[in-house]
Amino acid sequence: MSISITTPLYYVNDKPHLGSTYSTIATDAYARYLRLKGKDIIFVTGVDEHGQKIQRTAALKGISPSEHCNDVSKKYLELWDKWKITNDRFIRTTSESHKKLVEEFFLRVKAKGDIKLGNQQGWYCVGCEEYKDVDDTDEEPNCPIHLNKLEWRDEENLFFCLSNYQKEIETLVRSKYFIQPESRKNEIVNFVSKGLKDFSISRVDVTWGISVPGYQGHTFYVWFDALLGYLSSLLPKEEEVKLDNLSKYGWPANVHIIGKDILRFHAIYWPAMLMSANLELPNKVFGHGFLTSEGQKMGKSLGNIIDPEKLLEIYGEDAIRWYLLSDIKFGQDGDFQNQRFCDLVNSNLANTIGNLLNRTIAMSRKWFNCCVPIFTYKEESNSLMSKANVSIEEVINYYDQLSFKEACQSILNLASSANLYLNDKEPWKLIKEDSNKEKVAYYIYNVLESCRIVSLLINPVVPNLSLNMLKQLNLESQINDWNKYLNWGHLNQGAELTEPKPVISKIE
RNA sequence: GUCAGUGUAGCUCAGCUGGUUAGAGCACAGCAUUCAUAACGCUGAGGUCGAGAGUUCAAGUCUCUCCACUGACACCA
């Protein structure tokens, strides 16, 4: 039975930014981890292509909305390709199957009695494109951002009766693992406890969207469209679009990995919608933090926007993945600092891990015929093996909880232990006495074996580095299966070792 | 405005129920050193723990006030 994991479906109003790249990288790391453990997963990403903003952006560019969507969606596809993201699906909400699914979903929810016609009233700012909360006594309110006058709008909309699910949602959001991280869970619990209001699911002034069946002039508004992409993405192309088929193809999602800004919609609206449609709920919703650049919010006006594509061209995916996943606690906000980024990549990947492999292969080749040592010698306790076993257990645990930073730390600890082990054993001194050769063989083997474990454990985070390391150990074939190889002793004595080259070069 | 969270070495962060000289990693300095990507290892310098007051034999750790930042407070894709 397969399970799905998802990134947000990114809004194609503009080209991809670092934030969406961050979500995608994290989800990719998790997907890679699950696959290594042998799980049958479907990694879903995609784009949300409807709405007024897109309609307007396209008009501004003098092209049709669909042209605009094609352009931007293509950019996303290309970018994920460049980053070597391993998504299995890429859903576009303008696709025909998605449209069918949305219609079916709506009819089901309507049949359940959870749809009603109502009026959306309020003070609307054209600039912000949203309704503003204003002081009731204010007869002519202004937008606090744009400072212009707000328009009074009274628009007929369809509503989803979220309030029907107050009890169920309350229970759900309080449950132990549904919302993560914990701090955000509290916000949501708080919010729900104040009482849920029905929300509108259609617009009458937006043409660029999916028409609501039976309601002339209405198109679906974001949440009743975009969120359903998680479902429509799962149906195989040849399969008839049917909600009942979903459980065969990976629904419910194991986790939705999203930015903290859209947590509420995923943790409250979405489950209620699914309940109404009689579908299973996702197991978990993880709202990660936002990135700043050198301590400041990224913004056009500040001109400090980090372009993920340029970043990739300069540094390559491993360096950036490592920095984002190993230095920023997943779930908290993070700051991209160029100096720190370079320092950490060089210190952790090139020095601690890369150089460890390099020095050990060099020794092994020099003293053991360009091969992994062959020996019969054994010591009673093998401290490195114990360290490796601890790391294996810890790292699996951390990955399971999406605690990438902690996982990376544990891997780094193992590599450091191996470096210390070498300095402690001093094989380069021992080897001067011929009688020590067995001992040296044993020590070198232990360190090489630790490198092998490191390379496997680190794979979800920095896949290229991992593969490079395994190649140098002549163990490329072990890359895809943790169940088989992620335990001590799978490095073969006497296997050939080629001349080591740095597995990752230093940056800047 | 209301509620919640954060504020600890240059940087990123640990410090549970209060208890000897406040910790780690990175960066920096010195030493050592070749097996290695000037890498690894060792040593060191660096903090009035946001500010002030209080409780206590004892507070980074509890209470109060203040300051700064962040988030939530419903339609922000």
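Per chain, numbering begins at 1; letters A, B, ... match sequence-line order.
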Asker: Can you sort out which residues in residues 501-508 of chain A have a heavy atom within less than 4.0 Å of RNA chain B? Ascending by number, please.
Answerer: A:Pro502, A:Val503, A:Ile504, A:Lys506
Asker: Measure from the side chain of A:Leu196, starting at C-beta and using heavy atoms only, and say which of B:rA74, B:rA77, B:rG41 lies closest.
Answerer: B:rA74
Asker: Name the nucleic acid region contacted by A:Ser183, choosing base, sugar-phosphate or nothing; use a 4.0 angstrom heavy-atom cut-off, strictly under.
Answerer: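 Nothing: the residue A:Ser183, judged by heavy atoms under 4.0 Å, touches no strand.
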Asker: Using a 4.0 Å heavy-atom cut-off, does A:Tyr10 contact any base of the nucleic acid, only the sugar-phosphate backbone, or nothing at all?
Answerer: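 A:Tyr10: no heavy atom of the nucleic acid under 4.0 Å.
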Asker: Of all the choices, B:rC42, B:rA77, B:rA36, which nucleotide is nearest to the side chain of A:Val222 once you look at every atom?
Answerer: B:rA77
Asker: Mapping A:Lys405 and A:Leu344 onto RNA chain B by nearest heavy atom, which one lands closer to the 5' end?
Answerer: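 Comparing both residues, the 5'-ward one is A:Lys405.
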Asker: So, using side-chain contact (heavy atoms from CB on, under 4.5 Å) as the criterion, who are the partners of A:Ser73 when residues are at least two apart?
Answerer: A:Val12, A:Val47, A:Glu49, A:Arg92
Asker: Could you tabulate the donor-acceptor pairs under 3.5 Å formed by side-chain atoms of residues 493-508 of chain A, not counting sequence neighbours?
Answerer:
| unit_1 | atom_1 | unit_2 | atom_2 | d |
| --- | --- | --- | --- | --- |
| A:Gln493 | OE1 | A:Phe375 | N | 3.0 |
| A:Lys506 | NZ | A:Asn351 | OD1 | 3.1 |

Asker: Throw together a table of side-chain donor-acceptor distances under 3.5 angstrom for residues 196-204 of chain A, partners on residues two or more places apart or in other chains.
Answerer:
| unit_1 | atom_1 | unit_2 | atom_2 | d |
| --- | --- | --- | --- | --- |
| A:Asp198 | OD1 | A:Leu162 | N | 3.1 |
| A:Asp198 | OD1 | A:Ser163 | N | 3.0 |
| A:Asp198 | OD1 | A:Ser163 | OG | 2.7 |
| A:Asp198 | OD2 | A:Lys116 | NZ | 2.6 |
| A:Ser200 | OG | A:Arg203 | NH2 | 2.7 |
| A:Ser202 | OG | A:Leu158 | N | 2.9 |
| A:Ser202 | OG | A:His218 | ND1 | 2.7 |

Asker: From the set B:rC26, B:rA74, B:rC35, return the single nucleotide nearest to any side-chain atom of A:Trp367.
Answerer: B:rC35
Asker: Taking the nucleotide of RNA chain B with the nearest heavy atom to each, does A:Leu412 or A:Trp428 sit closer to the 5' end?
Answerer: A:Leu412
Asker: So, does A:Asn348 get its side chain near the phosphate of B:rG25, meaning an N or O under 4.0 Å from OP1 or OP2?
Answerer: no
Asker: Using Watson-Crick pairs (N1 to N3, plus N6-O4 or O6-N4) and G-U wobble pairs, both distances under 3.5 Å, which stems of at least 3 pairs involve RNA chain B?
Answerer: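 Counting only runs of 3 or more consecutive pairs, the stems involving RNA chain B are B:1-7 with B:67-73, B:10-13 with B:23-26, B:28-31 with B:41-44, B:50-54 with B:62-66.
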Asker: Which of these nucleotides, B:rG71, B:rA74, B:rC40, is closest to any side-chain atom of A:Thr352?
Answerer: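 Of all the options, the side chain of A:Thr352 is nearest to B:rC40.
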Asker: Quick one, which residues of residues 314-340 of chain A touch RNA chain B with a heavy atom under 4.0 Å?
Answerer: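 By residue number: A:Asp327, A:Gln337, A:Arg340.
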